[in-house]
Structure formats: C-alpha cells, structure tokens
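Read the structure below first, then the notes.
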2 protein chains.
Amino acid sequence: MDTKSLIIDIATKLFQQKGYKGVGLTEIIKACDISKGSLYHHFPNGKEELLIACLQYLNEEITNDIVDIFNRYPTTQEATNAMISKLIDNFEMEGTLIGYTFSSMVSEMASLSDPVRNACAKLYTEMQTIYYHKLVADGFSNDEASSTALMVTASIEGGMLLCLTQKRAEPLQVISQVLPKILETRRFKTSE
Amino acid sequence: MDTKSLIIDIATKLFQQKGYKGVGLTEIIKACDISKGSLYHHFPNGKEELLIACLQYLNEEITNDIVDIFNRYPTTQEATNAMISKLIDNFEMEGTLIGYTFSSMVSEMASLSDPVRNACAKLYTEMQTIYYHKLVADGFSNDEASSTALMVTASIEGGMLLCLTQKRAEPLQVISQVLPKILETRRFKTSE
DNA sequence: GTCTATAGGCAGATAGAC
DNA sequence: GTCTATCTGCCTATAGAC
C-alpha cells in the first residue's frame with residue numbers, strides 16, 4: 001500500500017474514534033510510522049485536507065459495503081437487519097464504532113467548515129439513496145420511500161450515539177427490532 | 001446571576017455549538033467577560049469539570065422542558081410533535097441546534113473520558129424515561145414502551161445531525177411525520 | 001518522497017497580588 | 001472572588017537537507 005493510502009486509512013479510523021480535534025498530526029504520523037514532512041507532501045493544505053480525503057474514502061467504503069449487503073437480501077427490512085448486525089459485531093469485537101459513523105466529524109465541524117460539512121452531507125445522502133431505491137422496489141411510493149430512508153439513517157446514527165454512551169450494543173439491537181414497524185410494506189403480501 | 005452560573009450558561013451553549021475540543025478556555029472567559037483566575041476559582045479541576053457541570057445543567061434544563069411539554073399534550077404522538085416543532089423553531093431562529101443536543105460532546109468524549117460519558121448516558125436515560133411513562137399511559141406494554149422510547153430518542157438525535165449537515169430543518173420535519181408510525185397506539189392491534 | 005529541526009501560536013493550568 | 005502575569009507543552013505548519 002502506498003503512503004498516501006496508508007495515511008488516509010489510519011487517519012480515518014483515528015478520526016472516527018476520537019474526532020477531528022481529538023487527533024493530532026503527531027499521533028497520526030506515529031501510527032503510520034512516517035514523518036511530518038511526508039504527510040505534508042501528500043496533503044499540502046494540512047489537516048483539513050486530510051479530513052476531507054478521509055471522508056471521501058469513507059464514502060466509497062460505506063456505500064460499497066451497504067450496496068453489497070442490500071444486494072444480498074430481498075427486502076429492505078432484511079437488508080437493514082443484516083447491516084445493523086454487522087455494525088454490532090464490529091462494535092463488540094473492536095470496542096469502537098468505526099463502522100458507518102462519522103458523527104464526531106459532523107458535530108464538531110459542521111459549524112466550522114463548509115467543505116467538511118458538505119462532504120458529510122454527501123455521505124448521508126448517498127446512504128439514503130441506497131435505502132430509497134430498495135424501498136421503492138419493495139413497493140413504497142416515492143414520497144414514503146424518501147421519508148422512510150431518512151428515518152432509517154437518523155435512527156441508526158442516533159443509535160450509534162446511544163451505544164457509544166452506554167458502551168453496549170443494545171440500543172442498536174433494539175432499533176433493529178423496531179425498524180420493521182416503518183419498513184413493513186404497506187400492501188398485502190402474495191404469500192402467507 | 002452569579003459568576004459560576006454565568007460561566008456554565010455560556011460554556012454550555014459554546015460546547016453545544018462547537019464541541020468540547022472546539023472551544024478554548026480563552027474563548028469562554030472572553031464571552032463571560034471574566035478572567036482565567038476567576039474561572040479556575042469556580043472550577044479548580046479545569047475544563048473537564050466545567051464540561052460535566054454543563055452536562056448536569058443541561059440535564060435539568062432539557063428534562064424540565066420536555067416534562068413541561070409532555071404535560072401539556074394528551075398523547076406521546078402530539079407531545080413529540082410539539083417538542084420537535086420547538087427544536088425546529090429554535091434551529092431556524094438561532095441557526096444552531098443548541099436545544100436538546102449534546103451529540104458533539106458524546107462523540108468526541110465518549111471514548112476519552114468515562115465521567116463525561118456517564119453524564120451523557122444519564123441524560124439520554126432521563127429523556128427516554130419521560131417518553132417511556134407517557135407511552136405506558138398511552139397503552140403500550142412495558143417492553144414496547146421501552147423500545148419505542150429508545151427509537152424516539154435515537155431518531156431525533158440522528159435527525160439533528162442530519163439538520164446540522166444540511167443546514168436545513170427538513171430532516172427533523174420528516175422525522176416528525178414518520179414517528180406516528182411507531183407511536184400509534186396498538187389498541188386496534190392486528191394479528192400478525 | 002522522506003527526513004530532521006524548528007518556528008510561532010495557542011492550549012490548559014498555576015502563582016500570587018489585591 | 002477576581003485579577004494579571006507566566007509556565008509548560010502541544011498544536012499545526014514550514015524550511016531545507018538528502
């Protein structure tokens with residue numbers, strides 16, 4: 001792996017765990033085992049440029065991952081269940097929620113930097129778009145699919161915050177159980 | 001208002017807007033028009049002690065406010081609607097979501113400080129308890145009330161993050177429209 | 001492309017006068 | 001209880017050798 005990719009990979013995890021301001025460049029270069037000069041060679045505009053690169057990288061990682069899961073399950077309900085299960089497994093193994101969250105970057109930087117805010121907005125939008133298409137395929141109207149996709153995104157993001165405060169995966173498990181109430185297709189199923 | 005209350009009041013707003021690491025002590029004392037020595041007289045253990053005091057203050061403010069709203073409306077559905085409306089009004093007037101959110105403190109500090117994490121956890125728990133009791137009064141079973149209260153908390157918290165990234169109040173409006181799907185009393189329960 | 005060395009500023013925190 | 005002055009250390013960022 002080339003140095004630039006290595007920096008992005010490690011910095012992304014650190015930013016997710018500790019937030020943007022919570023991670024210093026010194027910590028990043030130590031974790032990468034490189035020098036400060038090397039970092040600034042790849043990101044001449046400094047830390048914020050690195051953060052945006054991380055958010056773009058995260059965007060691809062997350063959307064690829066979700067698309068992959070959504071292709072493997074017939075309905076949105078089953079797909080979101082599988083997705084949350086994966087999040088929980090990750091949380092219980094790693095101890096941190098480095099999966100699909102970037103809430104620390106949002107809440108810290110949204111009011112301070114428009115480029116960062118826009119990168120975060122784009123990521124949320126792409127996640128919702130995936131949910132949206134699956135919901136339309138499930139038989140939802142466009143309006144209902146759109147609002148439901150937003151609700152899924154918000155509740156999972158909020159659920160991650162609850163998991164972080166409690167150091168337990170239970171909140172996400174509960175959300176996984178409640179989500180079917182809004183994901184149930186509003187038409188009669190042909191089987192059963 | 002005494003100096004200590006003034007510091008807590010102003011620091012709380014700043015922490016909510018910019019996050020814990022995003023606000024310096026210098027910024028706080030300038031906004032309060034006091035000196036650093038005065039701040040350290042009231043909070044001898046420094047910034048983290050101040051943050052926890054802010055979270056406790058926020059706890060009282062938020063729970064009082066929510067209890068007040070919940071007493072004025074007959075059902076959970078109407079009460080949450082009114083609560084979200086108030087959040088949105090605040091957001092559109094002030095430009096920032098300093099209402100019931102402290103997500104920046106959670107996501108920044110949860111992995112770094114247990115006292116802070118616990119203060120945040122307590123706040124979330126108290127909010128959910130208010131929802132829980134109202135839902136039980138609505139006729140929900142204890143289990144359903146508990147999981148629904150968690151879902152309401154998570155979706156509103158996540159909705160605020162979406163509002164912050166988009167600089168628009170629409171996400172919270174949509175959530176307000178979708179929430180009835182899980183808040184409808186199941187008194188005309190359909191067999192599954 | 002990677003390194004070392006360092007600049008310049010601001011962070012949180014402290015000491016002691018009044 | 002509030003002030004000014006100051007300390008130490010970390011922060012981002014830069015310069016220039018190899």
Side-chain angles (χ1 to χ4, degrees), chain A residues 1-55 57 104-105 107-117 119, chain B residues 1-55 57 104-105 107-117 119:
Chain A
M1 185 190 274
D2 62 304
T3 306
K4 189 168 185 175
S5 306
L6 177 74
I7 297 171
I8 292 177
D9 194 59
I10 289 184
T12 301
K13 291 198 179 80
L14 288 172
F15 285 149
Q16 283 183 290
Q17 284 170 23
K18 306 185 177 185
Y20 177 67
K21 298 243 162 85
V23 184
L25 294 184
T26 311
E27 186 177 353
I28 294 173
I29 60 165
K30 270 183 191 161
C32 296
D33 200 33
I34 58 165
S35 69
K36 208 159 269 190
S38 178
L39 192 152
Y40 272 91
H41 170 77
H42 294 289
F43 303 95
N45 295 114
K47 197 183 180 185
E48 187 166 320
E49 183 184 355
L50 171 58
L51 172 63
I52 292 176
C54 289
L55 286 169
Y57 165 74
S104 48
M105 286 92 115
S107 45
E108 257 182 286
M109 297 295 289
S111 62
L112 302 176
S113 160
D114 270 336
V116 173
R117 192 180 54 74
Chain B
M1 184 189 277
D2 62 303
T3 307
K4 189 166 185 176
S5 305
L6 177 73
I7 297 172
I8 292 177
D9 194 59
I10 290 185
T12 301
K13 290 198 180 79
L14 288 172
F15 285 148
Q16 283 183 291
Q17 284 169 21
K18 306 185 178 185
Y20 177 67
K21 297 243 163 86
V23 183
L25 294 183
T26 311
E27 186 177 353
I28 294 172
I29 60 165
K30 271 185 190 160
C32 296
D33 200 32
I34 59 164
S35 69
K36 207 160 269 192
S38 179
L39 193 152
Y40 271 91
H41 170 75
H42 293 290
F43 303 95
N45 294 115
K47 196 182 180 185
E48 188 166 317
E49 183 184 353
L50 171 59
L51 173 63
I52 291 176
C54 289
L55 287 169
Y57 165 74
S104 48
M105 285 92 113
S107 45
E108 258 183 282
M109 297 296 288
S111 63
L112 301 177
S113 161
D114 269 336
V116 172
R117 192 180 54 73

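Reminder, nothing fancy here: chain letters follow the sequence lines and each chain counts from 1.
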Q: Please test Glu27(B) against Lys18(B) for salt bridge (Lys or Arg N to Asp or Glu O under 4.0 Å), starting from the C-alpha separation and ending with a verdict.
A: CA-CA 11 Å; Glu27(B) 186 177 353; Lys18(B) 306 185 178 185; 2.6 Å; yes

Q | Close side-chain approach of Met109(B) and Leu51(B), heavy atoms under 4.5 Å | A | yes

Q: Round to the nearest Å and state the distance from Leu39(A) atom CG to dA13(D) atom P.
A: 10 Å

(Q) Is the shortest side-chain heavy-atom distance between Ile7(B) and Ile29(B) below 4.5 Å? (A) no

Q: Measure the distance from OH on Tyr20(B) to C1' on dA11(C) and round it to the nearest whole Å.
A: 11 Å

Q | Nucleotide dA7(C), atom C1' - distance to OH of Tyr40(A) in whole Å | A | 13 Å

Q: Starting from C1' on dC10(C), measure out to NZ on Lys21(A) and report it in whole angstrom.
A: 13 Å

**Q.** Pairwise side chain to side chain donor-acceptor pair (under 3.5 Å) hits with a residue in residues 43-54 of chain B, at least two apart
**A.** Glu48(B)-Ser113(B)

Q) Once you round it to whole Å, what is the distance between P of dT12(D) and CG of Leu25(A)? A) 4 Å

(Q) Of the listed nucleotides (dT2(C), dT12(D), dG12(C)), which one gets closest to any side-chain atom of Thr3(A)? (A) dT2(C)

Q: Ignoring backbone atoms, test whether His41(B) places a side-chain nitrogen or oxygen under 4.0 Å from the OP1 or OP2 oxygen of dT2(D).
A: no

(Q) Is any side-chain heavy atom of Ser5(B) closer than 4.5 Å to one of Asp2(B)? (A) yes

**Q.** DNA chain D contacts among residues 27-37 of chain B, heavy-atom distance under 4.0 Å
**A.** Ile34(B), Ser35(B), Gly37(B)

Q.
For Tyr20(A) and Leu112(A): C-alpha separation, side-chain torsions, deciding distance, then whether side-chain contact (heavy atoms from CB on, under 4.5 Å) applies.
A. CA-CA 12 Å; Tyr20(A) 177 67; Leu112(A) 302 176; over 6 Å; no

Q: To the nearest Å, give me how far apart NZ (Lys47(B)) and P (dT14(C)) are.
A: 15 Å

Q) Whole-Å distance between dG1(C) C1' and His42(A) NE2? A) 6 Å

Q: Find out whether Phe15(A) and Ile28(A) are in side-chain contact, i.e. whether some heavy atom of one side chain is under 4.5 Å from a heavy atom of the other.
A: yes

Q) Given atom CZ of Phe43(B) and atom P of dT2(D), what is their separation to the nearest angstrom? A) 11 Å

Q) Are OP1 or OP2 of dG12(C) and a side-chain N or O of Thr26(B) less than 4.0 angstrom apart? A) no

